[in-house]
Amino acid sequence: MIHSADHWENVYRSKNFDAVSWYAPHLGDSLRLIEQLCPDKTAAIVDVGGGESTLVDDLLHRHYLDLSVLDISAAAIDFTKRRLGAKAQQVNWHVGDITRYNFGGKKFDLWHDRAVFHFLTDPAARQAYVELVRGSVKPGGYVLMATFGPNGPLQCSGLDVVRYDDAKLHHEFGDGFQLMGSELNDHHTPMDTDQQFLYCWCRVNH
Ligand SMILES: C[S@@+](CC[C@H](N)C(=O)[O-])C[C@H]1O[C@@H](n2cnc3c(N)ncnc32)[C@H](O)[C@@H]1O
């Protein structure tokens, strides 16, 4: 099996930013929900598996002051930094595998993940991810997840995925997470197809 980091590095080195199925000029649903859940601009927000998405640009534009982006692909992080230019200095950047990462004691008010968790087909990797969320999100903070929904694709980027409805996703996280809301949205891909996404948000109680 190809190692995950190599897979993603190869994707970002070989494809244009707007030629991947998950590309959208703006992550409108993510932005709307982040602003609803965290109207306070001093909130610490992390975008896990941010890739080359413009979410961080749009959050900076809305004057969020404490932003972090992590991705397993150094190429994706470099691309996003170059796009932001001098503004990149206002963001905390992390390159690593989220199933074995350590944010060094940093605690977040909101954890955002669009289209990363659904690649974790190994239950042990999902458990490690949830443990990291538990240790990295402040009590009363939020986890905002976007995965493929029940009618979403079975694969993405040539990799198998797990599809979720809100109950199934909440079950992965467990009792310390209070399910606050969910919605199903269609993402229109650059290949002119639609993909069903589940957005699901939980409050962290611990
Ligand atoms: C489908 S893309 C989504 C990118 C971005 N969130 C978006 O919505 O445009 C999945 C992203 O997750 C990253 N990724 C995959 N596995 C990861 C892991 N184990 N740890 C951290 N990032 C990972 C990939 O490099 C890629 O940028």
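When a ligand or atom number is given, it counts from 1 through the structure's own listing order.
Identified under the ring-ring contact (aromatic ring centres under 6.0 Å, His included) test for residues 23-77, with sequence neighbours left out: Phe17-Tyr23.
The aromatic rings of Phe117 and Tyr164 sit tilted relative to each other, their planes meeting at an angle between 30° and 60°.
For ligand 1, the protein residues placed under 4.0 Å by at least one non-hydrogen atom are Trp8, Tyr12, Trp22, Leu27, Gly49, Gly50, Gly51, Ser53, Leu70, Asp71, Ile72, Gly96, Asp97, Ile98, Arg114, Ala115, Val116, Phe119.
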Let's go through Lys168 and Asp165 carefully: what are the C-alpha distance in whole Å and the side-chain angles of both, what is the deciding distance for salt bridge (Lys or Arg N to Asp or Glu O under 4.0 Å) to 0.1 Å, and is it a yes or a no? CA-CA 5 Å; Lys168 182 175 167 183; Asp165 62 20; over 6 Å; no
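In the model, Thr80 has no side-chain atom that pairs as donor or acceptor with a side-chain atom of Glu52 under 3.5 Å. Side-chain contact annotation: Asp160 with Gln155, donor-acceptor N/O pair under 3.5 Å present.
Checked against the 6.0 Å centroid threshold, Phe197 and Trp22 do not count as a close aromatic pair.
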